[in-house]
Every structure is written in structure tokens, then in C-alpha cells.
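Numbers restart at 1 for each chain; the letters A, B, ... are given by sequence-line order, proteins then strands.
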Amino acid sequence: MSATSVSPIPITTISELKQHHSQLVRLGLASHPAHARRLLAFLARDPVHLPYAARLLAHHPDPHPALFNPLFASLPPRHAAAFLALMLSLPLHPDHFTLPQLLPAAPLSFASQLHALLLKLNFHSHAHSFNALLAAYLANGRADLASRLFGGSSPSPALDVVSWTTMVGGMCRLGLVDDAREMFDAMPERNLVSWNSMITGYIKAGRFLHALEVFDQMRALGLEGNGFVATSAVVACTGAGALARGMEVHRWVEQSRIKMDEKLATAMVDMYCKCGYVEEAWRMFQALPTKGLTSWNCMIGGLAVHGRCKDAIQLFHQMERENMAPDDVTLVNLLTACAHTGMVSDGRHYYNYVVQRYGIEPKMEHYGCMVDLFGRAGLLDEAKKVIEDMPMEPDIGVLGALFGACKIHREVDLGEAVGWRVIDLDPQNSGRYVLLANLLASAGRWEDVAKVRRLMDERNVGKEAGRSVIEIEGEVCEFQCGSLCHPQEKDIFAMAEDMMREIRLEGYMPDTSDVMHDISDEAKETSLLYHSEKLAIAFGLLRTKPGDTMRITKNLRICRDCHEATKFISRVFEREIMVRDRNRFHHFKDGMCSCKDYW
DNA sequence: GTAGGGTTAG
């Protein structure tokens, strides 16, 4: 009788399984691989049935690795290890599928046991097993063990392009992007996965310009690329704020045979939003044949960072009309839109509405948004109440939002208390020290400012340097606070000084309240002049003409003084200036900013 | 069946 002659009754409960099993036993079919696999697949779904599965395997007349292998991938490592022990005790040898199934989820100690097994079985030269072991060490944060295995000589491993790519990707994930780059450069052969791994590695490290360099290098070799590489390139442009480069990637995709799938298109929508070209993002979004949840979220979030709160809300309603249910990200984006425009009552309304209507359980980030919404608006008591009433302990982000609000509204007492708490929770984050020092400086408490600075020194927390990127005629230039290394540096400096002199004549007054040094006012003003966005704007003025738009992307938040100065510059020099800071867009035109000074 | 892509407050 053939195995398929028994009609496959659906198995949904354990009693059904037992009935089915006894029927198979009567027919003498219980050991047939296809039936046994089906029984095991059901039993593996719940740990309470594992002893049953173990009995079935232990008494199988002709056990085969193919019966065990599917369990290894579906069971938690602890149970998988028990079944491996059973397998070895039969004794049954693992095959070439066994280790690749076991290794991806293996914690370190299990991985090293499997390493020993790999050597014993002489699977060292089996690329799949060997690469899975490399990946397991990397996944456990052990680049050292992976490197030793990779470079090992006895017995010499079979390295293929996947081994190299596994190392590159794994080291990038561990933050060892420079080591990964060395490996990447040494690769004997690269495929598109390798190129993409290196590009995404730089993206994860926030080194978008390096990511784009690798992308350029790939294209210079005449390689065609695919949707993955294209998406990564677009994401790199998004991170860098490089609109012209992003548009160039867009053209490259259209000229090549790369298919514009939903992920790629959504990445482009995001790129156009975050590079300041919302209209193009909108066109692409509207043209999407199918709009996934992520696409809606991207577009709503894009409107939010541009301060277009009403448009974001309108789009949310359109989303509802098209029967797309929002998720927790949608809610974050909606609340951000409201928070950044001071629309407190709308924020409160949509929070309640979305949570109730769609059954979204408010998470930490939503409480953070609400704290931000109230705090930014100066309703610090409301913000504190959100924290008191939330069902969990506030995390660093929620407290950070409250702290940020204290900084905006110069709430020195509360801010100091929250600031220290936030610093204790995340002592390596330089931004919090700087914020606290600024807050104390604004109250003239120089001794305490010095205390904060000393603590930063003791803990070896460097202040993150301000960096601004400006793209001129497709060329991406980066400026760093306080340092100029550009062929035109003298001209840029002279321009920066001219620029400040001219806007002063128009009424600009330097705002030195954010300078945390106890130095003379003149020295404070000079230190402001070195801010990276001012240098980038000065460079932009040299290279553009009145009526042009400049786009600047910076890594930190724009300071009060730069914000004020840029408003004047936009009017006096007749330029539109878009600045994307860490949080949002500022669109300066005719002496005003799109944020209406609410940020 | 070991390597790679889109959204999220501060």
C-alpha cells in the first residue's frame, strides 16, 4: 500500500493526532517518513508534546536525520539540544542539513559543542555547516572566535563567497565596520550580497557617505545591481540627506532592469521626504500600485517631520477610508506631527481615538510621544502626569522627552533632577551631559557646569562633534564644527564672517545662551561662528545665487543661535534654506522658519 | 537550507 493512500486528515488537537497515529500503526504506516514527519511537525508546536515526539523517534525502526532536522529549526535551542542527544544516542549521524538547522539560534555554549561535533564529523569542509558555525559565533558577539575559525589552518576550512560575506555582515552588526571593510577589500570574489552587506554595514554605523562610496565602486566595476542594493543605496542617501544623489539612484534604477518593488519604492518615498522634496515623495506615494502599511507610515512620518501636521492627519484619514488599519508606528508618527506643531488637543484626541478604535496597546514610545507633546507645549505638569499614570516604569526615552522639555522651557529645578537620572541610566550618551550643562549654563551656574564637564572627562564621554552635510551641484560636502578642511577654506571663512556681519546690520543678535563655557561674550560668539551649519551655509552662499534652495543635513539638533541666524540669512541673501536636524526639518524662507519657532 | 532591502517620540 502506498503511503499517500491514507487521506491526510487535518490534525488540530492532540487527541486527533493520537487517533490518527493509532490508525497509522494499525495500517503499518506509522514509520513511513511522510507520515512520521507530519506527526512530528504537529508535536513540535507545543513543548508538552515533546516527550511523545521523543518516544516516536526512539522507537522508529529506521530513524533518519531527515526526521530530526526539521525539529532542530523549529524548537528552542534547549529542546533542540535534547533531540540532538537522542539522535546521537541511537546512534544516528547528523547529515549536512543538521548543523545549519541547529546553529542559527544556538547560544554560545551550544555553538561551541556543535563546533566540536563539526570537527568530529569532518564537516569542516562542508561549506553550509561551516558557514552556519561562523554565523553562530558572530550572532553571539564573538568576532574573535569567528575570525579564528575563518583563518584556521587545521583542518583548512572550505571558504566560499558566503563565508566571506558572513564575516563582513556579522562584523558590521557587531560595530566592527572598519574590520569588515578590510575583509571586504580582501575578498577573492564578491557577489551582490557581499556588496550590499558592506553598504548596509556603513549605513548601520551611520557612515552614509562611505556607504555611497562603496555603491559607486560597485557601479564603476560595471555591475548591474538589484533591488536590494538599490534600496540600500537609497537608504544611504536618506541618511546623508543627499537629494541629488538619491535622484541619481532613482534614474539608475529606471534605466536598469531593477524592478521597482514596494520596498524599493517605499524607500524612495522616505528618501524624498527626508531629503526635503516632499512633493516628489507624494507623487511616488500616490503612484504606488499597492500601498502597504509601511508606505503609509513613511508618508505620514514624512509629513510630520516637515511640520505638516494637518496634512499628516488628513492622510491618516485617507488611510482609514482605504481600510488600512494603522499600527503603533502610525500612532507615533501622528503624535509626532501634533507634538512638533503644538497641536496638543489633536494629539490627545488621536491618541485616545487610535488606541480605542484599533485596539493598539500603548507602548513606551507612545507615552514618550505624549510627554513630548505636553512638555514641548510647556505643560510640564501634564507631562509629569503621563509618566505617573503610565503602567510601566518610564524608560530613558520617556525621561529624555521630559528632560528635553525642561531644556526648552528652562525648567532648571525639574530639569536638573531628570537630567541626572537620565545620565545615570545612559552614562555613555554625550548629548544628555551637554543638555544638562546648557541648562545649568543658562542659569549661570558655572560651577555645576564645570562639574558636568569634569564628569564627562572622568567617564571618557566625548562630545559628539556637530556635522553638517550640504550638497552642491550633486557633490556632497561635509563640515564639522570648529574645523575646516576644504580646498576653499579661506573663502568659506571669509564668507561666514561677512554673512554674520551683514545679518547683524539687519538686526540679528547672537544668542549665546546655549554656549556652555564660562568665557567672554566675544569668545562665545566666535564659538558659535564655527557651528557646522553656519560653515555649510557660508559654503552654500559661495556656490549658489539668490533664489536658489540649499539643503543641509546635520547630525545634532540645530541650536537657537543658528536657527535665528539662518532666518536672517534666508532674507538677506535671498535663499531658501532647508535644514534637517536630528529631529525634523526647518524650512527657512524670507526671514521665517516653517517651524514657526516651535521646536 | 549558511550572507542582504522600507516606517517609529527624545
Cationic N near anionic O, under 4.0 Å, R181(A) to D178(A):
no
Could you check whether D395(A) pairs with K363(A) (Lys NZ or Arg NE/NH1/NH2 to Asp/Glu carboxylate O, under 4.0 Å)?
no
Quiz question: going by heavy-atom distance under 3.5 Å, is there a donor-acceptor pair between the base of [N] and the side chain of [X]?
X: S197(A); N: dG4(B); answer: no
X: E365(A); N: dG10(B); answer: no
X: D261(A); N: dG5(B); answer: yes
X: N191(A); N: dA3(B); answer: yes

Looking at the side chain of [X], which of [options] is the nearest nucleotide?
X: R376(A); options: dG10(B), dG6(B), dA3(B); result: dG10(B)
X: H340(A); options: dG5(B), dA3(B), dA9(B); result: dA9(B)
X: F228(A); options: dG6(B), dG5(B), dT2(B); result: dG5(B)
X: V329(A); options: dG4(B), dT8(B), dT2(B); result: dT8(B)

Within the 4.0 Å heavy-atom criterion, would you say N69(A) contacts the bases, only the backbone, or no part of the nucleic acid?
nothing
Please state how far atom CG in L134(A) lies from atom P in dA3(B), giving the value in whole angstrom units.
11 Å
To the nearest Å, how far apart are F130(A) CZ and dA3(B) P?
14 Å
Should the pair R190(A) and W164(A) be classed as cation-pi, given the thresholds of under 6.0 Å to the six-membered ring centre and 45° from the axis?
no
Could R584(A) and W599(A) be counted as a cation-pi pair, given that NZ or CZ must be under 6.0 Å from the ring centre and within 45° of the axis?
no
Hey, are the side chains of H128(A) and F97(A) touching, using non-hydrogen atoms and a 4.5 Å cut-off?
no
Please identify each residue that fulfils ring pair (Phe, Tyr, Trp, His ring centres under 6.0 Å) with F403(A), with sequence neighbours left out.
none
Contacting residues from residues 202-213 of chain A, given that a heavy atom lies under 4.0 angstrom of DNA chain B:
none
